[in-house]
Amino acid sequence: MRQSKSFIPTLKEVPNDAVVPSHVLMLRGGYVRALAAGIYSFLPLGYRVVKKVCEIIRQEMDAIGGQEFHLPALNPKEIWEETGRVQAFGDTMFHLKNRDYVLAPTHEEIITFHARKVVKSYKDMPQTWYQIQTKFRNEARPRSGIIRGRQFLMKDSYSLDIDTAGLDVSYNLHDQAYRKIFTRVGLKFFVVGASSGAMGGSGSEEFMVGSAAGEDTVAHCEACGYAANVEVASSVIQPVQRETESKAVYEISTPNIKSIDELCGFLNINERQTAKSRVYIVDDKAVLILMSGNDDVNETKLEKALGSGVRPAHPEELKAITGADAGSIGPIGFNGRIIADLRIKECNNLFSGANKNDYHIGGIDFVRDVPSIEYADLRTAVSGEGCPKCGEPLGVFTAIELGHIFKLGTKYSSAMGATYLTEEGDEKPIVMGSYGIGVERVIACSIEQSHDESGIIWNKSIAPFHVHLLGLNMKKEPVAEASEKIYNELLSAGVEVLFDDRIDAQAGFKFKDADLLGMPIQLIVGEKKLAESKVEVKIRKTGERLEIPLEGLAATIKDLIEKL
RNA sequence: CGGGGUAUAGCGUAGCCCGGCUAGCGCGCCUGGUUUGGGACCAGGAGGUCGCAGGUUCGAAUCCUGCUACCCCGACCA
């Protein structure tokens, strides 16, 4: 493709609205443009990337026997009413104003609709049906550019099986296909077991990629692959040891000391010698939670331990319940249920609040002084702590969900009457699975994982072009001539090449654009090297530069691409 | 939906508190010339309902009211 005739509107400055790197670079590189909040147009270069990602997905889906469909985005609302999901989606579903149609946010109902008409016998299964299409969700807050939009491209596949054993097979095939897809596009990903949420069903896994633009916080172990949402993740830590001798309880004046750090500084003690207090309201009753030092309470774990919803007590409530403000609350004299984190189980000689402002208490022995105390795992795992599976250090970071595979079971087939006859002649609901991949997220995550200050660094599998040919000074006859010749040679050799043949752009300008656009290989044709019958290659990823002879250039380049 | 912020030329911005604007600057764009290996230089030029509507005032980009759009944090998220 000739750049002089292409629409690639690059931007030198960072657009005001863009924050996350992938968004900034796609905008600056002329890959996408926003139309409205969460609605983007893919420009020619961006669409090439979309097509490449889709093609990889398509190949891997076809490889496990998937059959591609093209399904309507415009759906009669009544189909969605059969499964109660008009209500379940609520405001997230787009409704048309002048007809009882909705815009499909996913396609389980449509697949089930077709399945119930034609899949009538156990002999018709298994089936894997998929589509790569635009879906619509009225997100309350679109964000991070292309990562969370109101309109987005999604590969969704649906498996139809006669029983759960069949579903397990389909599910595992998808699991394997997904690993291949994400590996092929060059992403560093990991897999988290997840709850299946509003989709219903029994088992599911999320395919995640670490990113600062992520919406979930996860704990992940590089060594063994353990991964869990931080809400449920556990970790191996050093518990606080009970000392052999318990001191007596004593009150200490601690004026204006509020935080654990201040307390430790004031008393010259270690945070492990302290018990931090948090008061939660559970079923209208106050519960005191004690954590070691600055350990964070994990509210999901707390809710699990208590079996019902919790909320932190308001400041006014704290005063009424304990007689003190946050910062001076503790177990001694607390009237109510007290639960401590396992890390400080049966500890002694601890410091905590006195339930009196500006006072703390030392020498607390949970066994002696707080006989009614209970213990539970309540802490939030932190980076560097031991993996619960293998003990190696865990990483805790935010991540983006790229793909999600579910075992749906018979939720939709039962609701919509999609049944088949077994070998014995019994009527049974089809057992289904549902498997999604966010196409834009694959692209955004690739950029999030692979860029530098200058721009994008595409993995060759999804780069819009493999080679960016830069004719440095196209006003010089030898350069223009050689560049043209090379361009044609590469095209004939089947190399995907973007040719910067602009005559009015200076060398520096072309270099900057090339780095921003991020093709894996830059082929630089300049006057000086040309005099020696050579051109220069720059590997975008490493910055490495090579001089290669004109003789046999196309073959050399193909070789280089191969090795990337 | 709750909280915060922003809206001035294609992009990035100054001016707004403290009204006097004929709205300034950089990039980009057009013309001519020079330049040509890391976002060139000189000269000339075009481009603005200052988000929209109303109000206050002799006078509003600037003050007030309402609305809209976009961004961020949170809630939500197949």
Side-chain angles (χ1 to χ4, degrees), chain A residues 9-20 23-24 27-28 30 33-40 80 83 85 88-93 104-109 135-145 147-150 152 154-158 194-201 204 206 213-216 229 311 400-406 408 411-412 433-438 441 453-455 470-480 500 502-517 522 524-531 535-536 538 543 545 547:
Chain A
T10 57
L11 262 20
K12 194 161 146 185
E13 283 171 295
V14 177
N16 183 268
D17 288 343
V19 174
V20 302
H23 190 200
V24 169
L27 246 22
R28 284 195 52 213
R33 281 291 119 101
L35 179 65
I39 307 177
Y40 287 83
W80 289 84
T83 55
R85 287 172 101 202
F89 270 106
D91 200 42
T92 302
M93 181 179 258
T106 173
H107 281 84
E108 280 80 8
E109 277 76 359
K135 314 239 166 175
F136 300 86
R137 290 186 196 175
N138 185 22
E139 293 293 346
R141 177 152 100 86
R143 71 183 90 174
S144 305
I147 289 172
R148 189 175 202 78
R150 295 213 166 108
F152 53 96
M154 180 145 200
K155 188 287 298 182
D156 251 336
S157 48
Y158 305 91
S195 66
S196 31
M199 294 296 288
S204 81
E206 288 176 338
E215 303 183 328
D216 299 296
N229 195 300
R311 66 165 175 86
I400 295 172
E401 177 190 343
L402 288 183
H404 206 157
I405 60 178
F406 296 90
L408 292 176
K411 175 175 165 159
Y412 296 92
S434 156
Y435 319 88
I437 293 178
R441 287 186 175 189
E453 329 62 61
S454 306
L470 311 182
L472 285 196
N473 185 350
M474 294 297 283
K475 283 178 185 163
K476 301 268 183 181
E477 195 57 37
V479 175
D500 193 343
R502 294 175 292 180
I503 48 173
D504 50 350
Q506 296 205 216
F509 202 94
K510 294 191 176 188
F511 288 135
K512 292 287 186 188
D513 260 2
D515 285 347
L516 173 62
L517 295 180
Q522 292 173 18
I524 302 156
V525 182
E527 219 178 356
K528 286 172 203 155
K529 297 278 158 55
L530 214 47
V535 290
E536 187 177 333
K538 176 180 163 186
R545 287 169 190 275
E547 284 182 18

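In what follows, chains carry the letters A, B, and so on, assigned in the order in which the sequence lines appear, proteins first and then strands, with residues in each chain numbered from 1. Basis for what follows: all heavy atoms, side chains included, without hydrogens, waters or symmetry-related copies.
- Between the side chain of Gln506(A) and the base of G39(B), no donor-acceptor pair under 3.5 Å is found.
- Here Glu401(A) pairs with nothing under the salt bridge (charged side-chain N to carboxylate O under 4.0 Å, His left out) rule; sequence neighbours left out.
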Reading RNA chain B 5' to 3', what string of ( ), [ ], | and . shows its pairs, if Watson-Crick and G-U wobble pairs count only when both distances fall under 3.5 Å?
(((((((..((((......[...)))).((((((.....)))))).....(((((..]....))))))))))))....

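- Rounded to whole Å, the C1' atom of G51(B) lies 22 Å from the corresponding atom of C25(B).
- Between Arg85(A) and Glu108(A) there is a salt bridge, since at least one side-chain N of the basic residue sits less than 4.0 Å from a carboxylate O of the acidic one.
- Rounded to an integer number of Å, the gap from NZ of Lys512(A) to C1' of U36(B) is 16 Å.
- Nucleotides C73(B) and G37(B) have their C1' atoms positioned 45 Å apart, rounded to a whole Å.
- Comparing G54(B) with G59(B), their P atoms sit 16 Å apart, to the nearest whole Å.
- Rounded to a whole Å, the CD atom of Glu453(A) is 15 Å from the P atom of G39(B).
- At a threshold of 4.0 angstrom between heavy atoms, the contacts of Lys476(A) with the nucleic acid are absent.
- Salt-bridge check for Arg545(A) with Glu536(A): passed, with a basic side-chain N closer than 4.0 Å to an acidic carboxylate O.
- Protein atom CG of Leu472(A) is 13 Å distant from nucleotide atom P of G39(B), rounded to whole Å.
- In this structure, Phe152(A) has no ring pair (Phe, Tyr, Trp, His ring centres under 6.0 Å) partners at least two apart in sequence or on a different chain.
- Pairs passing the side chain to side chain donor-acceptor pair (under 3.5 Å) check and including a residue from residues 506-517 of chain A, sequence neighbours excluded, read Thr10(A)-Asp513(A), Arg502(A)-Asp513(A), Asp515(A)-Gln522(A), Asp515(A)-Lys538(A).
- Nucleic acid contact class of Ser454(A) (heavy atoms, under 4.0 Å, all strands): none.
- The P atoms of A23(B) and G28(B) are separated by 24 Å, rounded to the nearest whole Å.
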Contact pattern, 5' to 3', of nucleotides 6-14 of chain B - B, S or - by protein heavy atom under 4.0 Å
-----BSS-

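- Taking His107(A) as the reference, Gln131(A), Lys135(A) meet the side chain to side chain donor-acceptor pair (under 3.5 Å) condition, with sequence neighbours excluded.
- If you take atom C1' in A61(B) and the same atom in U22(B), they sit 14 Å apart, rounded to whole Å.
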Pairs under 3.5 angstrom, nitrogen or oxygen only, protein versus nucleotides 28-34 of chain B, please.
none

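- Comparing the C1' positions of G44(B) and G66(B) gives an interatomic distance of 46 Å, to the nearest angstrom.
- The distance from atom CG of Leu470(A) to atom C1' of G38(B) is 11 Å, rounded to the nearest whole Å.
- Residues satisfying the side chain to side chain donor-acceptor pair (under 3.5 Å) criterion with Thr92(A), sequence neighbours excluded, are absent altogether.
- Scanning atom types as modelled, one donor and one acceptor separated by under 3.5 angstrom connect the side chain of Asp515(A) and the base of G38(B).
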I'd like a list of close polar pairs between nucleotides 74-76 of chain B and the protein, N/O only, cut-off under 3.5 Å.
residue : atom : partner   : partner atom : Å
A75(B)  : N6   : Arg143(A) : NH2          : 2.9
C76(B)  : N4   : Arg143(A) : NH2          : 3.4

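- Annotation: A7(B) and C50(B) have their C1' atoms spaced 10 Å apart (nearest Å).
- Every residue two or more places apart in sequence or in another chain was checked for a side chain to side chain donor-acceptor pair (under 3.5 Å) with Glu13(A), and none qualifies.
- Residues passing the salt bridge (charged side-chain N to carboxylate O under 4.0 Å, His left out) test with Arg33(A): none are found, sequence neighbours excluded.
- For the C1' atoms, the distance from G47(B) to C29(B) is 9 Å, rounded to whole Å.
- Remark: Ser144(A) pairs with no residue by the side chain to side chain donor-acceptor pair (under 3.5 Å) rule, at least two apart or across chains.
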